[in-house]
Amino acid sequence: MRDVNQEATDAPAPITDRDSDPWWEALYAGQLKLPHCLDCGATWFPPTPGCPECGGIHVELIASTGRGHLYSWVVINRALGQNVPRDTPYTIVAVDTEEGARMIGRLFAPSDQPMRAGEPLSAVIRSVRGQTVVGFERAIS
Amino acid sequence: MTDDRRRASFLGRTALVGVGFTEFSRDSGRSVLSLAAEACRRAIEDAGLPRSDIDGVVSFSVLDDSVASQAVATVLGLPELTYVLDMNLGGQAPSFMVMQAAMAVDAGLADAIVIFRALNGRSGTRVGSTEFHGPAGQYRYPIGFSAYPQYIAMWARRYMIETGATYEDLGAVAIAQRAYAQANDRAVIRGALTPESYLASPFVADPFRGPDCTTEVDGACALVVTTLDRARDLRHSPAVVRGAAYVLGNRSGLDIGDALLWKDYSRNYTSLLAKALWASAGLGPTEIDFAELYDCFSSTVLFGLEGLGFVGRGEAGGFVRAGNTALGGRLPTNTNGGLLCEGYLHGMNTVAEAVLQIQGRSGERQVPRANSCVVTSGGMMDGSALVLTRA
Ligand SMILES: [Zn+2]
């Protein structure tokens, strides 16, 4: 196991699987998608081989607008874990997208304005430490 | 959960009778098997049972951080086992493990079962910040959302948003438990903590500061479960398993750190199992003398107090700040200093403290009235709980 004090290099690559590969492929192509149930209409995250609302198996990926509202957040003050970012403090936000999914992502372009639950955020796709990830930007700058 | 569930037959007919610990340390220098065997040996001796009467072993592990019950039985020289269960679970397991053992002895599958948790949780695999290989980790680790203090802080923040709870409310939990730890030789964190020194502690994962977080340790803890009939003849008075419940909430996610599909971060499993727990015990919160609430982080104590119905929504912080959870308060809580101070045995030591208190063996920190208590195990989407009473 790596010591947390060891200097990190690249971010850990996501260990993807057959359920998530299409989602990552879309992300690498610059598109944020979300799993959607053709049986009950639910939209959620992350991709799963069945619908967590109704158990239906007719699941497809739909495009997300990337717009959402802030549900909660945590400021990471101390790096914990293997190969984690060293640029503390940084903020991880939990965002409820307008399609009905909850996503987590790094807050990009934070500002000095206090965070406020419910404030609007927009998803962005960025390369961070060699990995393509979803993050969010505040509408308030 | 259905409201008309049949009451589990082991309730009121089974008991915890012995407690065993190793030292808790930052580097045991020993194998997990050696730690496990020592705690189990001590628990069996403490119960006053001959080793040959133990015919079951139950345990749990995360990330393969422990040893099989089979190995422990071999090292202890137990004659033959008729019941073994090794569960792949985390902090939600200890009370659930008691339930498994109590069911087994009540059903006649075994007579006396030793249950344990053993790990080199500090010098070996540190569960709080080790990557879980599974379908959910791919969304956490690349963005630097990588450890339990961060996951639970996300819930604590939402709880603060919804209830108006403050940093001072979290701090009150840590301060109250530190006072207990000062009367507990086993606690690894024992220095004085004041409101000022709490607020001066650096953040780990805002809203959590260092004192809001448990300390990972090396060590082991074991308990013995048997029928109440057998328990009555043993060395210490039995801690009767009066009530019990486990729940895995709806949309609980893909692994034990994954809350992406969990809708309400301001409540945890305690609010889901409370009704079934109290119904199973035939007791309610007002009839409970003390509480041992799973506290990987300070916020889970507030969630537990509210979820179990000891206080109303948003009232837990004020309840703790008013001294109600201190020794001599309305509901002494986490009387060993909790996982925050005694060390992170994944809540096994939380159950052990409940048993010691019920048996009247907690020394300086003994609560004056210890006829009944509630114990919880788990911090997030799923968990278990017990009501223990004197016979
Ligand atoms: Zn559906």
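Computed from a predicted structure; not experimentally measured. Sequence lines set the chain letters: A, B, ... in the order given, protein chains first and strands last, and positions in each chain run from 1.
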Query - CA sep, side-chain torsions, deciding dist, call: B:Met154, A:Ile92, side-chain contact (heavy atoms from CB on, under 4.5 Å) - result: CA-CA 9 Å; B:Met154 191 73 92; A:Ile92 302 291; 3.9 Å; yes
Requested in this report: Evaluate side-chain contact (heavy atoms from CB on, under 4.5 Å) for B:Val204 paired with A:Leu80, printing each intermediate quantity in order.
Outcome: CA-CA 9 Å; B:Val204 173; A:Leu80 294 169; 4.0 Å; yes
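Heavy atoms of A:Tyr90 lying under 4.5 Å from chain B belong exclusively to its side chain. Residue B:Pro149 touches chain A through its side chain alone, counting heavy-atom pairs closer than 4.5 Å. A:Thr91 does not touch chain B: none of its heavy atoms, backbone or side chain, sits under 4.5 Å away. Looking at B:Ile143, the atoms closer than 4.5 Å to chain A (heavy atoms on both sides) sit in the backbone and in the side chain alike. A:Pro89 does not touch chain B: none of its heavy atoms, backbone or side chain, sits under 4.5 Å away. Proximity to chain A involves both the backbone and the side chain of B:Arg158, based on heavy atoms less than 4.5 angstrom apart.
In this structure, the side chains of A:Met115 and B:Arg157 stay at 4.5 Å or more apart for every pair of heavy atoms. Side-chain atoms of A:Val74 and B:Trp155, non-hydrogen and from C-beta on, never get closer than 4.5 Å to each other. Considering only heavy atoms from C-beta on, B:Gln138 comes within 4.5 Å of A:Asp17 through its side chain. Considering only heavy atoms from C-beta on, A:Pro46 comes within 4.5 Å of B:Leu261 through its side chain.
For residues 100-107 of chain A, a heavy-atom distance under 4.5 Å to chain B picks out A:Arg102, A:Met103, A:Ile104, A:Gly105, A:Arg106, given by residue number. Among residues 207-216 of chain B, no residue has any heavy atom closer than 4.5 Å to a heavy atom of chain A.
Counting heavy-atom pairs closer than 4.5 Å to chain B, the top residue among A:Pro14, A:Ser72, A:Gly118, A:Ala117 is A:Ser72. Between chain A and the options B:Tyr265, B:Tyr151, B:Tyr141, the largest number of non-hydrogen pairs under 4.5 Å is found for B:Tyr265. Considering only heavy-atom pairs separated by less than 4.5 Å from chain A, the leading option among B:Ala147, B:Gly144, B:Gly137 is B:Gly144. Between chain A and the residues B:Glu162, B:Lys263, B:Arg140, the largest count of heavy-atom pairs under 4.5 Å involves B:Lys263.
Stacking of A:Arg78 on the aromatic ring of B:Phe203 is not recorded, the 6.0 Å distance cut-off and the 45° axial limit not both being met.
Shown here for B:Ser146 and A:Val84, the closest heavy-atom pair between the two residues is OG-CG1, 3.4 Å.
Put simply, the side chain of A:Asn77 gets close to the backbone of B:Asp206: a donor and an acceptor are under 3.5 Å apart.
Aromatic ring pairs are classed by plane angle as parallel below 30°, tilted from 30° to 60° and perpendicular above 60°; the pair B:Tyr139 and A:Trp24 is parallel.
Residue-environment remark: CG (B:Leu199) exceeds the threshold of 12 foreign heavy atoms within 6.0 Å.
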